[in-house]
2 protein chains.
Amino acid sequence: MQTEEEILKIKKVKNTAVRTVVLRHLLNQEKAQSLKDIENALAYTDRSSIFRTLKTFEENKIIHSIEDGSGMTKYAVCAEGCNCDPKDLHYHFYCSNCNKTFCLFDLPVPKLELPKNFKLQQANMVVKGLCDNCNK
Amino acid sequence: MQTEEEILKIKKVKNTAVRTVVLRHLLNQEKAQSLKDIENALAYTDRSSIFRTLKTFEENKIIHSIEDGSGMTKYAVCAEGCNCDPKDLHYHFYCSNCNKTFCLFDLPVPKLELPKNFKLQQANMVVKGLCDNCNK
DNA sequence: CTTTTAGTGCAACTCGATTGCAAAGATTAT
DNA sequence: ATAATCTTTGCAATCGAGTTGCACTAAAAG
Ligand SMILES: [Mn+2]
Ligand SMILES: [Mn+2]
Ligand SMILES: [Zn+2]
Ligand SMILES: [Zn+2]
């Protein structure tokens, strides 16, 4: 597992106080975080600073965003070596009971045979249901 | 292709002026429509009436919604016989050039082997890229 | 016809996301 | 080291999609 500083260095994003604390928070979570989740966790950091930090992280492929249908965009740290292109595609799971959203890095995404002449760039794949913890 | 009246009858939703015109509009579009799209197309129908109509349609499985990441939920008419459960799962395509979102009813979705003890309920699968028209 | 229930239009409101701007901090040039 | 320049941050204001309360109208039931 890389540290915040290592990740920022690799992705050539300048290390600042807000960036460090936001990235550290994201690294410590097992569920994808919304802007509000982060705001609540980091009580003394301004929302717009967190917002702009998330934009910067996403542009520099430190994190990726997930639209899980909850109305709030969620963010998760990219896997090591991720370049956010089709080869890095993976499913996300949204538990309708505990509302936890997370990356399913281990579930392979089959090759998509799009209709003729279509070009694949990215995808937002969200599977919904009950997680192992809630399905008892 | 079924008419608005037939669909409403089959799905046991009372036929009203707004419902008929909204459903007719949706049936005539090849791209999934946002609330604003419909509002713009139906200049004399109120937004909240369209909104409540869409809720009613979705609850009664006349239409399904698509979160394509554009910030506006899109709606498309369900295929005949659709029951909006995992067997009706299909991909959606969002063209990053022309911003058109539509159902890929012909592209089969492989069976999802979720991790142990997970239960699949639904999914929102949006593939992004260039449509055949824009990929030239 | 009268009563009851369902649908519609309008205005107001919610809330996540986004922006303008000035202050603070960091970097570069003199 | 100091001044000029660029970047980041905090605060307040704004945006816009979605949602709701309420009164009015239309349809269904009695
Ligand atoms: Mn992910
Ligand atoms: Mn669809
Ligand atoms: Zn759960
Ligand atoms: Zn296109």
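A, B, ... follow the sequence lines: proteins, then strands. Residue 1 opens every chain.
In this structure, of D:dG18, C:dT18, D:dG10, it is D:dG18 that holds the atom nearest to the side chain of B:Phe51.
A donor-acceptor contact under 3.5 angstrom links the side chains of B:Thr20 and B:Asn15, judged on distance only.
Distances shown here put every side-chain N or O of A:Thr53 at or beyond 4.0 Å from the OP1 or OP2 atom of D:dT8. The side chain of A:Lys55 contributes no N or O atom lying less than 4.0 Å from OP1 or OP2 of C:dA17. Between A:Thr73 and C:dA17 there is a side-chain polar atom (N or O) within less than 4.0 angstrom of OP1 or OP2. For A:Thr16, no side-chain nitrogen or oxygen approaches OP1 or OP2 of D:dT8 to under 4.0 Å. Between B:Arg47 and D:dG18 there is no side-chain polar atom (N or O) within less than 4.0 angstrom of OP1 or OP2.
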Practice task
Could you please spell out the steps behind the side chain to side chain donor-acceptor pair (under 3.5 Å) verdict for B:Glu58 and B:His64?
Solution key: CA-CA 6 Å; B:Glu58 192 170 15; B:His64 59 280; over 6 Å; no
Problem - salt bridge (charged side-chain N to carboxylate O under 4.0 Å, His left out) between A:Lys100 and A:Glu30, intermediate numbers included - result: CA-CA 9 Å; A:Lys100 195 166 110 174; A:Glu30 55 176 19; 3.1 Å; yes
Handout entry: Stepwise salt bridge (charged side-chain N to carboxylate O under 4.0 Å, His left out) check, B:Glu67 with B:Lys74
Key = CA-CA 7 Å; B:Glu67 302 275 335; B:Lys74 305 288 175 66; over 6 Å; no
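Distance CG (B:Asn60) to P (C:dA6): 14 Å, rounded to an integer number of Å. Distance B:Lys74 NZ to D:dA17 P: 11 Å, rounded to the nearest Å. Rounded to an integer number of Å, the gap from CG of A:Leu23 to P of D:dT8 is 15 Å. Regarding B:Glu67, its CD atom lies at a distance of 14 Å from the P atom of D:dA17, rounded to whole Å. Protein atom CD of B:Glu59 is 14 Å distant from nucleotide atom C1' of C:dG7, rounded to whole Å. Per the geometry, CG belonging to B:Asn15 stands 10 Å off P belonging to D:dA28, to the nearest Å. Here the P atom of nucleotide C:dG16 and the OH atom of A:Tyr75 are 13 Å apart, to the nearest Å. The CG-P distance, from B:Leu54 to D:dT19, rounds to 11 Å in whole Å.
Looking at B:Asp46, its side chain does come within 3.5 Å of a backbone N or O of B:Ser48 through a donor-acceptor pair.
Annotation: cation-pi pair B:Lys116/B:Phe118 absent, no NZ/CZ under 6.0 Å from the ring centroid and within 45° of its normal.
For B:Arg19 and B:Asp46, each mapped to the nucleotide of DNA chain C holding its nearest heavy atom, the one lying further toward the 5' end belongs to B:Arg19. Annotation: of the two residues near DNA chain C, B:Thr45 and B:Lys14, the 5′-most nearest-nucleotide partner is B:Lys14.
Near-neighbour residues of DNA chain D inside residues 26-44 of chain B, defined by a heavy atom below 4.0 Å, number-ordered: B:Leu35, B:Lys36.
When heavy atoms are screened at a 4.0 angstrom cut-off, A:Arg52 is found touching base atoms of the nucleic acid.
Taking a 6.0 Å sphere around NZ of B:Lys87, one finds it holds more than 12 heavy atoms contributed by other residues, nucleotides or ligands.
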